Amino acid sequence: MSEILESGEERIEEVVTRSKGADGELPISGDDLTKGNSGDLFGWMQNVGMGWKAAGWGKREILILSTQGGIRQPDGTPTALGYHSGHWEVGLLMEAVAQEVARLNGVPFAGFCSDPCDGRTQGTRGMMDSLPFRNDAAMVLRRLIRSLPTAKGVVGVATCDKGLPAMMMALAGCGHLPGVLVPGGVSLLSEETEDLGKVQSLGARYAHGEVSLEEAAATACRACASPGGGCQFLGTAASSQVMGEALGMSLPHSALSPSGSQIWRDLATRSGRAAMHLADQEISLNQILTEKSLHNAMIMHAAFGGSTNLILHLPAIAHAAGLARPMVLDWQKVNQLVPRIVDALPNGPMGYATVQVFLAGGVPEAMLSLRDVLNLDAMTVSGQFLGENLEWWENSERRKRVRERLNALDDVDPNEVIRSRKDALSSTVTFPQGNLAPEGSVVKSTAIDPSMINEDGLFLLEGQARVFGSEAEAITAVKSQGDDRIRAGDVMILAGIGPMGAGMPETYQVTSALKYCKVGKQVALVTDGRFSGVSTGACIGHVSPEALAGGPIGKLRDGDPVRVRIDVVSLEGAVDYLGDWADFQKRTLNPLVKVHPDLPDDTRLWAALQNASGGSWGGCVYDADAVNRGLS
């Protein structure tokens with residue numbers, strides 16, 4: 001106890017109460033004192049107090065925000081760990097931006113709002129805070145931007161599932177300013193083991209005897225092959241990076257760059273340069289985030305086979321920017337127009353890693369194949385229109401070099417990773433309805449096992465319902481080899497985990513386990529929750545209305561006959577109860593379906609606010625006008 005109360009160090013009490021202060025004089029005028037705000041003067045005093053030279057004051061201020069986490073020594077050694085690799089190295093990007101801003105006679109500021117890891121919280125109570133956190137972080141980041149009223153521009157640096165959408169929402173909500181988004185990039189593939197998507201199914205595979213304990217331990221240890229960056233697959237983090245670039249918020253060929261590399265740092269330097277240029281030219285994010293750029297982002301989501309979570313995030317970004325939120329019909333039209341042309345994990349057929357997609361040309365390469373359906377006159381943070389960016393890319397040395405690098409490193413043809421439209425794959429998402437999902441649902445139909453789709457492009461499964469009221473119960477059944485195990489032909493119903501029941505958590509530990517278990521492709525999963533962006537298979541999420549809001553999914557019982565039909569050609573489908581519908585409607589809620597006992601009050605408040613603001617199909621946002629109308 002004495003070591004806690006006292007260190008034993010001598011002379012540490014010899015503190016001082018005064019110091020000299022900064023040298024020089026503030027470059028202020030009489031008008032600054034008589035007409036300016038006291039806050040401006042106090043801010044200038046703080047700036048020189050922190051060490052900025054007084055003579056260098058009065059220049060353009062650029063705020064740099066990030067989701068940095070952990071305490072990293074200069075050589076990369078951790079003093080304190082972050083929540084995930086995605087925010088571990090982004091401080092290096094901030095530093096590169098700041099140095100370039102200062103070089104160009106700007107004054108860089110920096111602020112932080114860290115973010116959690118969806119992978120770390122899978123299957124835990126922490127997942128009940130995952131989606132609500134996005135709204136919280138967006139509000140904090142917006143408040144930080146507004147709290148530097150002298151800023152002439154803002155640069156946002158973020159990487160992963162909730163921090164990056166939050167950063168985009170924050171920038172969009174401060175669209176009067178010039179702004180640039182710097183994506184945090186991706187981690188490298190391990191030379192010796194599985195990707196970060198497959199490795200999360202080790203528990204289920206071990207339970208079924210498909211891997212040994214020794215294999216599982218060695219595989220898990222090597223899966224994160226580099227200390228920084230988002231996951232190696234096209235999940236929510238990578239999909240959000242793609243969306244940011246497609247919206248024009250990031251520089252061309254910025255999404256999915258390998259974290260820690262020279263090309264990654266160079267992106268940050270050029271982004272700082274772009275922020276200063278936008279400030280000079282008075283090009284604000286309001287001129288970049290438009291209906292045209294929103295359309296381009298939806299096109300790229302379809303082309304890449306992006307995460308279904310972007311159906312939550314893109315409407316939220318649009319809402320923050322004051323644009324109409326895309327609804328189901330808008331997504332359907334885009335997916336009927338645009339096939340998937342990117343072969344990336346987890347979608348297949350080969351499943352290339354995100355760093356390989358970057359080397360194949362990334363977003364601008366995919367855009368070259370889709371110029372006829374893109375709005376080429378959309379403004380971007382390069383200060384040029386999208387069409388001008390693509391003209392540069394098509395003839396650039398950079399394009400030639402990165403594509404040659406992919407072939408030399410991995411013997412991969414870039415045209416196999418990012419295909420032409422004549423070699424396109426199936427479209428990305430389908431929105432089934434039916435009597436169990438009268439207000440809709442979503443499935444990443446492009447990621448259903450091809451062997452389960454007939455020659456007419458139809459996935460059809462009629463089976464008995466297996467109803468679960470929690471993810472824990474569902475994963476126990478998936479791992480089981482007893483009488484309660486999941487069998488081929490089962491339709492798993494995971495109900496009561498929408499926003500009201502559990503904060504709409506991801507259920508990736510269930511979907512990943514199904515993917516890598518022998519009977520998994522012969523099973524369908526239907527839930528009012530959502531999935532990780534790396535989920536695959538006949539997994540139908542976002543079922544509306546959710547069970548606890550009176551949705552019929554909450555009335556199902558074990559053994560009920562259910563049919564799941566997904567047409568991957570017409571992009572139509574249905575989830576239906578096949579018994580007597582009149583009797584079914586008289587049923588009460590299944591006793592298994594209830595609010596999670598550990599649901600935090602913070603999340604309950606989020607659920608109520610987003611429900612009043614349009615719910616999950618409206619992006620789970622806070623619409624102040626709608627909430628106020630509801631209260632009055």
Side-chain angles (χ1 to χ4, degrees), residues 67-70 72 75-78 81-93 96 117-120 157-161 163-164 182-200 202 218-242 245 253-268 304 342-348 350-363 365 398 401-414 416-418 532-534:
T67 56
Q68 180 178 334
R72 181 183 180 278
D75 65 356
T77 303
L81 293 169
Y83 287 77
H84 55 91
S85 62
H87 64 202
W88 178 245
E89 292 185 326
V90 296
L92 301 174
L93 295 176
C117 176
D118 281 1
R120 187 179 292 271
V157 185
T159 308
C160 283
D161 293 31
L164 182 50
V182 182
V186 299
S187 57
L188 302 179
L189 281 171
S190 171
E191 294 177 348
E192 302 177 25
T193 191
E194 301 169 353
D195 66 82
L196 286 169
K198 184 175 182 179
V199 78
Q200 293 180 65
L202 281 171
T219 296
C221 188
R222 294 175 177 83
C224 285
S226 54
C231 290
Q232 307 136 345
F233 45 78
L234 198 70
T236 305
S239 298
S240 297
Q241 294 187 32
V242 170
E245 185 174 338
H253 199 226
S254 60
L256 316 180
S257 61
S259 182
S261 66
Q262 185 176 349
I263 200 170
W264 174 82
R265 292 172 189 254
D266 174 71
L267 162 66
F304 270 74
V342 177
D343 182 350
L345 288 167
N347 302 322
M350 291 299 297
Y352 295 102
T354 43
V355 66
Q356 293 171 314
V357 176
F358 175 79
L359 290 175
V363 173
E365 191 67 27
R398 180 185 177 105
R401 288 195 298 265
V402 294
R403 286 165 64 83
E404 287 176 348
R405 182 69 174 165
L406 175 61
N407 189 264
L409 277 176
D410 296 336
D411 194 26
V412 170
D413 180 355
E416 290 295 315
V417 182
I418 301 176
S532 163
V534 73

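Computed from a predicted model, the values in this text were never measured in an experiment.
By the side-chain contact (heavy atoms from CB on, under 4.5 Å) test, S226 is found to be paired with S187, L188, residues two or more places apart in sequence or in another chain being considered. D410 meets the salt bridge (Lys or Arg N to Asp or Glu O under 4.0 Å) test with no other residue; sequence neighbours excluded. For D75, the side-chain hydrogen bond (donor to acceptor under 3.5 Å, both in side chains) partners two or more places apart in sequence, or in a different chain, are T77. For Y352, there are no ring-ring contact (aromatic ring centres under 6.0 Å, His included) partners at least two apart in sequence or on another chain.
Put simply, CZ on R401 and CD1 on I263 are 8.5 Å apart, with the number rounded to the nearest 0.5 Å. Rounding to the nearest 0.5 Å places CG of D266 at 9.5 Å from OG of S261. Interatomic distance, CG of L256 versus CD of E245, reported as 8.0 Å (0.5 Å rounding). Once rounded to the nearest 0.5 Å, the distance linking CZ of R403 with CG of D413 reads 7.5 Å. We find the CD-CG distance between E194 and L189 to be 12.0 Å, quoted to the nearest 0.5 Å. Atom OG of S254 and atom CZ of F358 lie 8.5 Å apart (nearest 0.5 Å).
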- Item | Test side chain to side chain contact (heavy atoms under 4.5 Å, CB included) applied to V357 and V342, step by step | CA-CA 8 Å; V357 176; V342 177; 4.1 Å; yes

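Nearest heavy-atom pair across A237 and C160 is CB-CA, 3.6 Å.
Among pairs with a residue in residues 226-242, none fulfils salt bridge (charged side-chain N to carboxylate O under 4.0 Å, His left out), at least two apart in sequence or across chains.
R398 CZ: more than 12 foreign heavy atoms inside a 6.0 Å radius.
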For residues 81-92, please give each side-chain donor-acceptor pair under 3.5 Å, one per line with the distance, not counting sequence neighbours.
from, atom 1, to, atom 2, distance (Å)
H84, ND1, G86, N, 3.0
H84, ND1, H87, N, 3.4
H84, NE2, H87, ND1, 3.2
H84, NE2, D115, O, 3.4
H84, NE2, D115, OD1, 3.0
H84, NE2, P116, O, 3.4
S85, OG, G229, O, 2.8
H87, ND1, T67, O, 3.3
H87, ND1, S114, OG, 3.3
H87, ND1, D115, O, 3.4
H87, ND1, D115, OD1, 2.8
H87, NE2, Y83, N, 2.9
E89, OE1, S259, OG, 2.6

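Side-chain atoms of D343 come within 3.5 Å of backbone N or O of G351 as a donor-acceptor pair.
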